[in-house]
Amino acid sequence: MAENKMEKLTALFKRRGFVYPGSEIYGGLANTYDYGPVGTELLRNIRNLWWKEFVIRRDDIVGLEASIISHRKVWEASGHTVGFSDAFVDCKNCKVRIRADQLIEDYLEKNADTLEKIDVTELILPEGLSFEDVIRYIQQKKVEGFSEAQLDSIIKLHAIPCPNCGAVNWTPVRRFNLLFPIKLGIVEGEQSLAYLRGETAQGMFINFENIVNSTRVKLPFGIAQLGKSFRNEITLGNSIFRTIEFDQAEIEYFFHPKKENWEEIFDSWKKLMWEFITERLGVNKENLRWREHSDKERSFYSKKTVDLEYKYPFGFKELWGIAYRTDYDLKQHAAASKHELSIVDPETNEKIIPHVIEPALGINRLFLTLLCDAYFEEKDRIVLRLHPRIAPIKVAVFPLLKNRKDLVEKAREVYQILKKSIDGKILWDDRGNIGKRYLSQDEIGTPWCVTIDFDTLVDNTVTVRDRDTTNQERIAIQDLANYFSNKLL
Ligand code: GAP
């Protein structure tokens, strides 16, 4: 059923213009996707809401839009050219290439019952794995941070079959870097090498000095950025969950390491993340959980990392991460660039290298999360119960009959009023009958449909139909704008 849900969602994405496979008319390009008209609106609404919440409405956070193409030295200093890699295996039988951690974790997830029965005390330890390693991956079903040799051992121990062809015939696990190198200009060699950014975060560290010098920020303060990142990922299905090009929304929240308690800042950000997802976006709390990274799993730059995970149809996976990056990045860039990346404490005149807490969200992954959470099949309809704040279309306007000039004219009037007064897309539909129009809007998550009928011509009221309850009420045309605007705050 769960995997079935993913198939149904993917079909809906294409059928209704949320997401299409990338470069489809040329046979497709793996791990790339294009967003259709409805998906584009949803994506924009998510981006705008995040920006409003974490930049516009806050006095202590400033925005940044750094270049996607960046100097190779940025990524050398940050450690990404060496430390930012994935381990993968190839199936010798069907040639499919899969991330080793993904292969193992999917297997462990699907075989959870069998694993519980394994008597670990009896187990002959596979090469390279300690008793604790075995306990950890069996209990947590996670292998992030395991070495190539350890991953090899686990694949062999369980004789994990290829999900594509069923063979158990793998190459050894190998590692490759996720950054996309690019060549600038026509000159070959080191000088022309640059990278597409692998995370938005680095733009904020390398502009730290610029921001301190050009604004009036004082600690604690954050720099926020929302934009594309690129990773040469290998993925196997699951739609847009993991792609090679995706939007990240990240905040680097800088603070005085001696005057502020990092654990308190960390916890207050966790609270804000939770509220954003559950209250502002209405995601079901039962489908969410926090998971802290073990020492082995944590990225090279982090002292503590916790993931907010969502229960996708293919299991609990990371939606939003929060990490305590200490002063690692500023120190790395200061050393490599010979710029002093510090800020003066106005009370002591001391130069401080701030520490940083980083909430890092993937906008496309949030898009998928919201759609998984909103998708419901009812007796006679499919409905997306998206929060009205981010619904792609806010209101659909229908004349009861397409061939009645008086109804169409009145409906056009209402349509124009709503287009001018509502912050979001309003849609006109006069095809088919009202019932079909409702079903069509339910499938793309439109919270309200407004019908202009014969009573409207007499008393200037319209029928407003609610997507979730399917209840209908009569509202005066003059009250409509306020009625919807209040619900969209
Ligand atoms: N600056 C820290 C950082 O980039 P990350 O956990 O690698 O941390 C942050 O990425 C978020 O970006 C993830 O929680 C996820 O939502 C999203 N993300 C990462 N890789 C992605 C990919 N290949 N496709 C889609 N979203 C991705």
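Computed from a prediction, not measured in an experiment: that's the story for all the values here. Numbers here simply count residues along the sequence, with the first being 1. Whatever order the structure lists ligands and atoms in, that order sets their numbers, starting from 1. All values below come from the heavy atoms of this structure, side chains included, with hydrogens, waters and symmetry mates left out.
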Of the protein's non-hydrogen atoms, which lies at the shortest distance from [atom], and what is that distance?
atom	result
atom 24 (N) of ligand 1	Thr243 N, 3.0 Å
atom 17 (C) of ligand 1	Gly362 CA, 3.6 Å
atom 10 (O) of ligand 1	Gln248 NE2, 3.3 Å
atom 15 (C) of ligand 1	Arg365 NH1, 3.5 Å
atom 11 (C) of ligand 1	Ala360 O, 3.6 Å
atom 7 (O) of ligand 1	Arg231 NH1, 2.7 Å
atom 26 (N) of ligand 1	Phe246 CD1, 3.5 Å

Below the 3.5 angstrom mark, is there an N/O of [X], backbone or side chain, next to an N/O of ligand 1?
X	value
Leu319	yes
Arg242	no
Leu361	no

Could you tell me which atoms of ligand 1, counted from 1 in the order shown, lie closer than 4.0 angstrom to a heavy atom of [X]?
X	result
Glu233	20 (N), 22 (C), 23 (N)
Arg325	1 (N), 2 (C)
Glu318	6 (O), 13 (C), 14 (O)
Glu358	1 (N), 2 (C)
Glu250	1 (N), 2 (C), 3 (C), 4 (O)

Polar side chain donor-acceptor pair, [X] to [Y], under 3.5 angstrom:
X	Y	answer
His333	Gln202	yes
Gln248	Arg197	no
Glu233	Asn31	no

**Message:** Taking the six-membered ring of Phe376 as reference, does the cationic atom of Arg385 (NZ for Lys, CZ for Arg) lie under 6.0 Å from its centre and within 45° of its axis?
**Reply:**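 Because its charged atom sits under 6.0 Å from the ring centre and within 45° of the axis, Arg385 does stack over Phe376.
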**Message:** With salt bridge (charged side-chain N to carboxylate O under 4.0 Å, His left out) as the test, pick out the partner of Glu443 among Arg381, Arg16, Lys8, Arg467.
**Reply:**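 It is Arg16; the other options fail the test.
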**Asked** Which pairs with one or both residues in residues 204-213 pass salt bridge (charged side-chain N to carboxylate O under 4.0 Å, His left out), sequence neighbours excluded?
**Response**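 As it turns out, there is no salt bridge (charged side-chain N to carboxylate O under 4.0 Å, His left out) pair with a partner in residues 204-213 once direct neighbours are skipped.
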**Request:** Could you establish whether His293 and ligand 1 come within less than 4.0 Å of each other, counting only heavy atoms on the residue side?
**Result:**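 No; His293 lies far enough from ligand 1 that no heavy-atom distance drops under 4.0 Å.
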**Asked** Is any side-chain heavy atom of Glu275 less than 4.5 Å from a side-chain heavy atom of Arg280?
**Response**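 Glu275 does not reach Arg280 side chain to side chain.
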**Prompt:** Any chance the rings of Phe254 and Phe208 have centres within less than 6.0 Å?
**Reply:**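 Between Phe208 and Phe254, which both carry aromatic rings, the centre distance is below 6.0 Å.
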**Asked** Does a side-chain N-to-carboxylate-O contact under 4.0 Å join Lys317 and Glu109?
**Response**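 Looking at Glu109 together with Lys317, the answer is no, because their closest N to O distance does not fall below 4.0 Å.
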**Asked** Considering residues at least two apart in sequence or located in another chain, which fulfil the ring-ring contact (aromatic ring centres under 6.0 Å, His included) criterion with Phe255?
**Response**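 Counting only residues at least two positions away or on another chain, Phe255 forms no ring-ring contact (aromatic ring centres under 6.0 Å, His included).
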**Asked** Once the angle between the rings of Trp320 and Phe54 is folded into 0 to 90°, is it parallel (under 30°), tilted (30 to 60°) or perpendicular (over 60°)?
**Response**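 Judged by the thresholds at 30° and 60°, the geometry between Trp320 and Phe54 is perpendicular.
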**Prompt:** So which bit of Glu245 gets within less than 4.0 Å of ligand 1, heavy atoms only: side chain, backbone, both or neither?
**Reply:**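 No part of Glu245 is near ligand 1 at this cut-off.
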